[in-house]
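Residue numbers run from 1 in the order of the sequence given.
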Amino acid sequence: MRKQPRYEVIRDEMRCDNCRACEYQCANHVHHYDALKQAMISDPLTCVDCQRCVETCHAYALKIIVNRNELRPNGYWHKQDLEEIQKQASSGGILLSAMGNPKNHIIYFDHLLLNASQVTNPSIDPLREPMETNVFLGKRSSKITRDDHDRLVIERYPHLHLSTPILFSAMSLGAISFPAHQAMLAAAKEFGTFYNCGEGGLPKGFQSDPKHIIVQVASGRFGVDVAYLDQGSAVEIKIGQGAKPGIGGHLPSRKNHTPVSETRMIEPGSEAISPAPHHDIYSIEDLKQLVDALKATTNYEKPIIVKVAAVHNIAAICSGIARSGADIIAIDGYRGGSGAVPTRIRDAVGIPIELALASVDQALCEEGIREEVSLIASGGIRNSSDVIKAIALGADAVAIGSAALIAMGCHLCGDCAKGNCNWGIATQQAELTKRLSLEQAKKQLVNLLRSWTLEIKEMMGGMGISSVEALKGNRMMLRGLHLHDNELRILGVSSVGSR
């Protein structure tokens, strides 16, 4: 069966003046000039609908629409099912995708409504009264102890101080471009939050400013040495991520250019495969050994984060992690993105961050160890109300990945694995990365953080709450809409209209 293009390229011949800008802008070679016809021609077969040609066309002559050709309707076998079977029948390989789970599943954030103050508990005006959005991530003193002279003994633990309950998710150099990393770090510095360099080491240009950097230790140990650990304010042990629970990492060879290979300490052009498990971690006791080793290596001055994917037994897993000595647990829901991931894993494995987060927070509270760790929620945070709802469900802070990329210009075309990102974000090709303006990307990220923080203050004020700390785990501020009893029970919230 002949392959049909997913998208149609519609060109208005009356408006198109053959300037050839679309040809230059498209790294997928969709557009070219036909000298015989003296007109621009498009090959829709390679189009990924990144919208670069549409947005850069000065004559407004282009549109990209979904291919209107339809197969015979079938309520069970959808068009995508047939296309994927045919693709695998031709290639004999696994399907590879990027970004997060695109399925039309329930989004629990959209079924949670916020409470608001009225007469007896007046709201707070954030323009006139102080609103505290500062967050400290790390272990807290949970016991009151005194010395022989009856003076309080205050245990001090390493913390991360954020001016807003939002930080950037881990994304490796290779998955996204060097300018994208630079923009996130610059935005984190300006706004007082943190950038996570992701798996694969820290780009050399960043090694002079560790104050807003989180470094990651993944199963492949790419780029990891003592000097690397010293460059971060915290160290994150990546056990799993939301887009691909239970499997390792994968950087396609086409994206492993020289700067990436130097950072990862591997051969240029090679496939960078991280094993599914850490080969020194097969139990909580093994994890504790690594946590202790990293703390000793960093002189007990930096909090240790353990990142895990949201799966069905996540509460028990996080209970063990809390007892391993980790200071922070990052939980990544199944909507979390990735630069390259097997399609079936992305779309069929993991659970929503809302249910996972609520389950973990309640379990840790019941076990009396909630203050032993801070919780970071990620995997599908789309706006400031998602942030508020995640905190009310038990998070101390949230991490954003896809939202940060979108702020820099990403159009979610899902073609990251090929390294041909026309917006200069998910690519290592120099002619494409230069399209991403560092200053503009940084400005847009800062604007996003500022906008969300202002909205967080407004929403907290409307609830009569003056600090993020007072909102944390406060499920009384949430009501469920169109949710079943079991879902409400797991989330720990009441239905709308209940007293």
Show your working on salt bridge (Lys or Arg N to Asp or Glu O under 4.0 Å) between Lys302 and Glu236 and close with a plain yes or no.
-> CA-CA 10 Å; Lys302 302 176 183 184; Glu236 179 175 271; over 6 Å; no
Check whether any side-chain N or O of [X] sits under 3.5 Å from a backbone N or O of [Y] as a donor-acceptor pair, and report yes or no.
{"X": "Asp332", "Y": "Val308", "answer": "no"}
{"X": "Asn256", "Y": "Ser270", "answer": "yes"}
{"X": "Asn420", "Y": "Asn28", "answer": "no"}
{"X": "Ser359", "Y": "Ala356", "answer": "no"}
{"X": "Ser319", "Y": "Ala315", "answer": "no"}
{"X": "Ser233", "Y": "Lys211", "answer": "yes"}
{"X": "Gln241", "Y": "Ile331", "answer": "no"}
{"X": "Arg475", "Y": "Leu478", "answer": "no"}
{"X": "Lys255", "Y": "Cys416", "answer": "yes"}
{"X": "His250", "Y": "Gly248", "answer": "no"}

Considering only heavy atoms from C-beta outward, does the side chain of [X] approach that of [Y] to under 4.5 Å?
{"X": "Phe168", "Y": "Asn196", "answer": "no"}
{"X": "Val135", "Y": "Thr164", "answer": "no"}
{"X": "His278", "Y": "Ile237", "answer": "yes"}
{"X": "Lys238", "Y": "Glu199", "answer": "yes"}
{"X": "Pro275", "Y": "Ser219", "answer": "yes"}
{"X": "Phe222", "Y": "Met265", "answer": "no"}
{"X": "Pro245", "Y": "Ile345", "answer": "yes"}
{"X": "Ile214", "Y": "Leu167", "answer": "yes"}

Is any side-chain N of the basic residue among Asp110 and Lys389 closer than 4.0 Å to the acidic one's carboxylate O?
->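 No, no charged N to carboxylate O under 4.0 Å.
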Is the shortest distance from a Lys or Arg side-chain nitrogen in Glu371 or Lys139 to a carboxylate oxygen in the other one below 4.0 Å?
->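 Looking at Glu371 and Lys139, the cut-off is not met.
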Closest approach of [X] and [Y], non-hydrogen atoms and distance?
{"X": "Ala243", "Y": "Val341", "value": "O-CG2, 3.4 Å"}
{"X": "Ala417", "Y": "Ala98", "value": "N-CB, 4.3 Å"}
{"X": "Pro252", "Y": "Glu271", "value": "CA-OE1, 3.6 Å"}
{"X": "Asp386", "Y": "Gly380", "value": "OD2-O, 3.7 Å"}
{"X": "Ser374", "Y": "Asp396", "value": "CA-OD1, 3.3 Å"}
{"X": "Pro303", "Y": "Asp327", "value": "CA-OD2, 3.3 Å"}

Could you go through the salt bridge (Lys or Arg N to Asp or Glu O under 4.0 Å) check for Lys295 and Asp292 one step at a time?
-> CA-CA 5 Å; Lys295 286 188 174 184; Asp292 290 343; 5.7 Å; no
With Arg450 as partner, the option from Thr453, Leu448, Leu454 fulfilling side chain to side chain contact (heavy atoms under 4.5 Å, CB included) is Leu454
Is atom [atom1] of [X] surrounded by more than 12 heavy atoms (other residues, nucleotides or ligands) closer than 6.0 Å?
{"X": "His29", "atom1": "NE2", "value": "no"}
{"X": "Glu267", "atom1": "CD", "value": "no"}
{"X": "His312", "atom1": "NE2", "value": "no"}

Atom pair [atom1]/[atom2] of [X] and [Y] - distance to nearest 0.5 Å:
{"X": "Ile304", "Y": "Ile321", "atom1": "CD1", "atom2": "CD1", "value": "13.5 Å"}
{"X": "Leu202", "Y": "Asp230", "atom1": "CG", "atom2": "CG", "value": "11.5 Å"}
{"X": "Leu229", "Y": "Gln216", "atom1": "CG", "atom2": "CD", "value": "12.0 Å"}
{"X": "Tyr334", "Y": "Arg346", "atom1": "OH", "atom2": "CZ", "value": "11.5 Å"}

Given the rule in the salt bridge (Lys or Arg N to Asp or Glu O under 4.0 Å) test, do Lys472 and Glu132 qualify, once you have shown the distances and angles that lead to the verdict?
-> CA-CA 13 Å; Lys472 186 179 70 175; Glu132 187 58 76; over 6 Å; no
Plane angle bin for His212 and Phe194 - parallel if under 30°, tilted between 30 and 60°, otherwise perpendicular =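 Rings of Phe194 and His212: tilted, as their planes differ by 30° to 60°.
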Distance under 6.0 Å and angle within 45° of ring axis: Arg52 vs Trp423 | yes
Hey, does the Lys NZ or Arg CZ of Arg335 hover above the aromatic six-ring of Tyr108, less than 6.0 Å from the centre and inside 45° of the axis?
->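 Because its charged atom misses either the 6.0 Å distance or the 45° angle limit, Arg335 does not stack over Tyr108.
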If we ignore angles and hydrogens, is there a donor and acceptor under 3.5 Å between the side chains of Gln444 and Gln440?
->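 Yes, a side-chain donor-acceptor pair sits under 3.5 Å.
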Are a donor atom and an acceptor atom from the side chains of Gln428 and Thr433 found within less than 3.5 Å of each other?
->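 Result is no, nothing qualifies.
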Which residues share a side chain to side chain contact (heavy atoms under 4.5 Å, CB included) with Ala403, sequence neighbours left out =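 By the side chain to side chain contact (heavy atoms under 4.5 Å, CB included) rule, Ala403 matches Ile400, Trp452.
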